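Predicted, not measured: the structure shown is a model, and the values here were computed from it. In listed order, ligands and their atoms are each counted from 1.
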Amino acid sequence: MKLLAIETSCDETAVAVLSCAGGVGDASFRILGNGIHSQIELHKEYGGVFPAMAKRAHAEHLVPMLEKALGGAFMLAPGTIALPDTFDSIVEREFALAEKLRTLLNSHGRPDLDAIAVTSGPGLEPALWVGVNFARALSAAWNLPLLSVNHMEGHFLAGLGTLDSEDTIRIQEIPLPVLGLLISGGHTELDLMRDWLTYELLGATRDDAVGEAFDKVARMMGLPYPGGPEISKYAETYRVSGASEITKSNFARLPRPMIGTDEYDFSFSGLKTAVLYAIRDHGEMSEKDKEQMACAFEDAVTDVLWTKTAKALDATSAKTLVLGGGVSANKNIARVFQENIERDYPGVRLRIPTRELTTDNAVMIGIAGYFHALRKDYVNSDTLRADGNLRLDS
Ligand code: KG4
Ligand code: ZN
């Protein structure tokens with residue numbers, strides 16, 4: 001089955017074409033074409049993502065990314081198709097997108113695709129809507145069925161995959177239940193999949209997402225957006241240079257909010273505020289101070305994430321643990337999780353996605369879409385909605 005996948009929930013405009021085969025237990029996904037445009041440069045200036053700006057950037061880049069993905073899959077054949085009447089009403093409010101899309105559709109034949117998968121939530125609602133309307137318009141133009149994908153499910157399932165070759169991902173025999181720790185700029189949650197594609201939300205952040213905390217702390221330290229990779233670099237430098245000193249540093253006493261509580265919820269705003277005060281009290285920060293602070297912050301975050309995850313492993317007897325979302329690219333988190341799993345949970349399989357799949361992309365949306373296509377979970381274009389607060393257990 002050949003799937004077109006579309007992702008616009010936050011600050012990546014992503015379109016992919018996948019050739020999917022097999023079933024649950026042995027599925028493979030060949031990436032035929034992949035276009036990702038990151039809005040990082042745009043949002044850097046403001047230190048964060050603004051929904052209206054993100055929406056505009058998606059509208060501008062969706063067609064070029066579609067062209068790139070179809071081109072990569074050799075599906076951009078010259079030709080033309082007659083656009084159905086419904087097309088105009090679907091793109092009515094998407095002026096910026098509509099003209100580019102009409103031009104593309106009017107000069108190319110119908111590609112050899114079987115379905116379209118699109119992220120319908122959670123995320124920034126205006127950004128999600130552009131992607132949803134884009135998918136609906138393509139579905140009408142090419143007469144293809146639609147699949148609505150939860151962005152978090154994309155992270156969860158893609159994390160279970162292994163890269164077979166440069167362009168093929170396989171998902172084979174995953175021992176259930178699977179516990180997922182999804183950590184990104186927008187989300188921090190622990191989800192449990194007891195049965196295939198059925199989720200239970202165990203806990204989530206009550207305030208800042210962990211990636212957001214990384215971004216805000218980086219900003220306080222004068223480091224550019226997105227802050228996660230910056231903090232990570234500083235912390236690694238410090239670990240390599242003299243990690244034992246951390247206990248003596250000014251920043252060692254950072255709190256671990258909610259670490260000992262019974263539930264699986266997280267809170268990172270107190271930690272962020274503690275960093276703010278520590279920086280204020282300390283005054284001018286040298287590069288070494290920044291390294292120390294980054295390290296202390298990363299240690300506190302890792303400690304909280306691991307403690308809550310271990311508690312959930314104990315309670316659920318999960319056999320697989322998967323990490324997902326941009327923050328799972330963090331080296332320290334990956335290292336600590338790997339070491340602790342080997343030491344304390346040798347029977348649990350740990351999956352950490354490859355770098356390209358940790359951050360937002362359309363391939364993961366195609367992967368989740370395919371598993372739903374196997375169940376014929378197609379949705380009606382007229383009633384498909386973007387939902388910024390879509391839950392994985394809804
Ligand atoms: O999954 P993602 O690309 O987008 C969202 O859905 O939010 O995650 C982006 C987040 C940003 O907050 C970024 O700072 C963080 O992931 N991030 C990292 C690292 N790389 C990206 N955080 C910590 N360490 C990293 N190496
Ligand atoms: Zn994400």
Please state which option from D11, N330, T358, I183 has its nearest heavy atom closest to atom 26 (N) of ligand 1.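 Going through D11, N330, T358, I183 one by one, N330 has the nearest heavy atom to atom 26 (N) of ligand 1.
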For [atom], what is the nearest protein heavy atom, given as residue, atom name and distance?
| atom | value |
| --- | --- |
| atom 15 (C) of ligand 1 | V327 CG2, 3.9 Å |
| atom 11 (C) of ligand 1 | D215 OD2, 3.7 Å |
| atom 17 (N) of ligand 1 | G326 O, 3.6 Å |
| atom 18 (C) of ligand 1 | G228 CA, 3.5 Å |
| atom 9 (C) of ligand 1 | G185 N, 3.8 Å |

N or O contact, G186 vs ligand 1, cut-off under 3.5 Å: yes
Using the ring of each side chain (for Trp, its six-membered ring), is F297 parallel, tilted or perpendicular to F214, with breaks at 30° and 60°?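 Rings of F297 and F214: perpendicular, as their planes differ by over 60°.
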Residue and atom, protein N/O/S, under 2.8 Å of the Zn ion (ligand 2):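 Only H151 NE2, H155 NE2, D360 OD1 fall inside 2.8 Å of the Zn ion (ligand 2).
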With no hydrogens and no angle check, do the side chains of [X] and [Y] hold a donor and an acceptor under 3.5 Å apart?
| X | Y | answer |
| --- | --- | --- |
| D299 | T302 | no |
| T8 | K55 | no |
| S9 | E7 | yes |

Partners passing salt bridge (charged side-chain N to carboxylate O under 4.0 Å, His left out) against R375 (at least two apart in sequence or in another chain): none
